[in-house]
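Worksheet: one structure, shown below.
These values consider heavy atoms only, across backbone and side chains, with no hydrogens, waters or symmetry-generated copies.
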Amino acid sequence: MTGPEQSDGVRRSGLRNPDKAVRGLGAGTMSLEALVLLLAIQPIRVVGGDLSGAAIGAIVALAVACVVLAGMMRRPWAWHAGTVIQGLLLLSGLLHWSLFALGVMFALVWAYALHVRRVILG
């Protein structure tokens with residue numbers, strides 16, 4: 001057949017390797033989140049007021065977890081762990097309000113990544 005349809009009538013994504021593309025999306029999202037978390041420490045301290053040691057520790061721990069998960073996107077459980085990371089970032093909003101704001105933004109980005117994964121892989 002010509003076009004993006006298979007013989008069973010199911011529309012393919014058009015990607016050469018959809019699994020690899022979706023893993024790259026997840027890894028890129030986790031890597032970007034880690035980078036933003038680490039770079040946000042100083043602006044939060046300067047603009048947002050007092051940032052406790054517990055909040056800084058939570059930021060660093062979440063960033064490390066994001067980097068580890070970025071390397072493990074090949075495993076199916078890593079997607080669930082990424083969802084847990086988003087929940088933990090939202091909970092860290094109890095330590096500082098700006099962490100909650102970051103949590104909301106990255107939860108939305110992660111929800112979009114999960115949607116794209118579902119659309120591409122079915």
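- Taking 4.5 Å as the limit, every side-chain heavy atom of Val84 sits out of range of all side-chain heavy atoms of His80.
- Transitive grouping of hydrophobic side chains (ILVMFWY, heavy atoms separated by less than 4.5 Å) brings Leu37 and Met72 into a common cluster.
- When hydrophobic clusters are built by joining Ile, Leu, Val, Met, Phe, Trp and Tyr residues whose side-chain heavy atoms come closer than 4.5 Å, directly or via intermediates, Val67 is not grouped with Ile41.
- The two residues Pro43 and Ala40 make their nearest non-hydrogen contact at CD-O, 3.4 Å.
- At least one side-chain heavy atom of Ile44 sits less than 4.5 Å from a side-chain heavy atom of Leu99.
- Across Met30 and Ala70, no two heavy atoms sit closer than the pair CB-CB, 3.9 Å.
- If you chain together hydrophobic residues whose side chains sit under 4.5 Å apart, Met105 and Leu114 fall into the same group.
- More than 12 heavy atoms of other shown residues, nucleotides or ligands fall within 6.0 angstrom of atom CZ in Arg117.
- Placement of Ile85 and Leu35 in two distinct hydrophobic clusters is found when ILVMFWY residues are connected by side-chain heavy-atom separations under 4.5 Å, directly or transitively.
- Distance CD1/Ile56 to CG/Leu95: 11.0 Å, rounded to 0.5 Å.
- Leu69 approaches Gly82 most closely through the heavy-atom pair CD1-N, 3.7 Å.
- A 4.5 Å side-chain heavy-atom check between Asp19 and Arg74 finds every atom pair outside the cut-off.
- Put simply, Val46 and Leu39 are part of two different groups of oily side chains (I, L, V, M, F, W, Y) that touch within less than 4.5 Å, one to the next.
- Counted by atom type alone, Thr83 and Trp110 present one or more donor-acceptor pairs between their side chains at under 3.5 Å.
- Inter-residue side-chain proximity for Leu89 and Glu33 is flagged as met; some heavy-atom pair is nearer than 4.5 Å.
- Here the CG-CZ distance, from Leu25 to Arg23, works out to 12.0 Å after rounding to the nearest 0.5 Å.
- The side-chain heavy atoms of Val109 and Leu32, taken from C-beta on, include no pair separated by under 4.5 Å.
- No side-chain heavy atom of Phe106 sits less than 4.5 Å from a side-chain heavy atom of Leu90.
- With contacts defined as side-chain heavy-atom distances shorter than 4.5 Å, the pair Ile59/Ser92 does not qualify.
- Residue Cys66 holds its SG atom at 6.5 Å from CD of Gln86, rounded to the nearest 0.5 Å.
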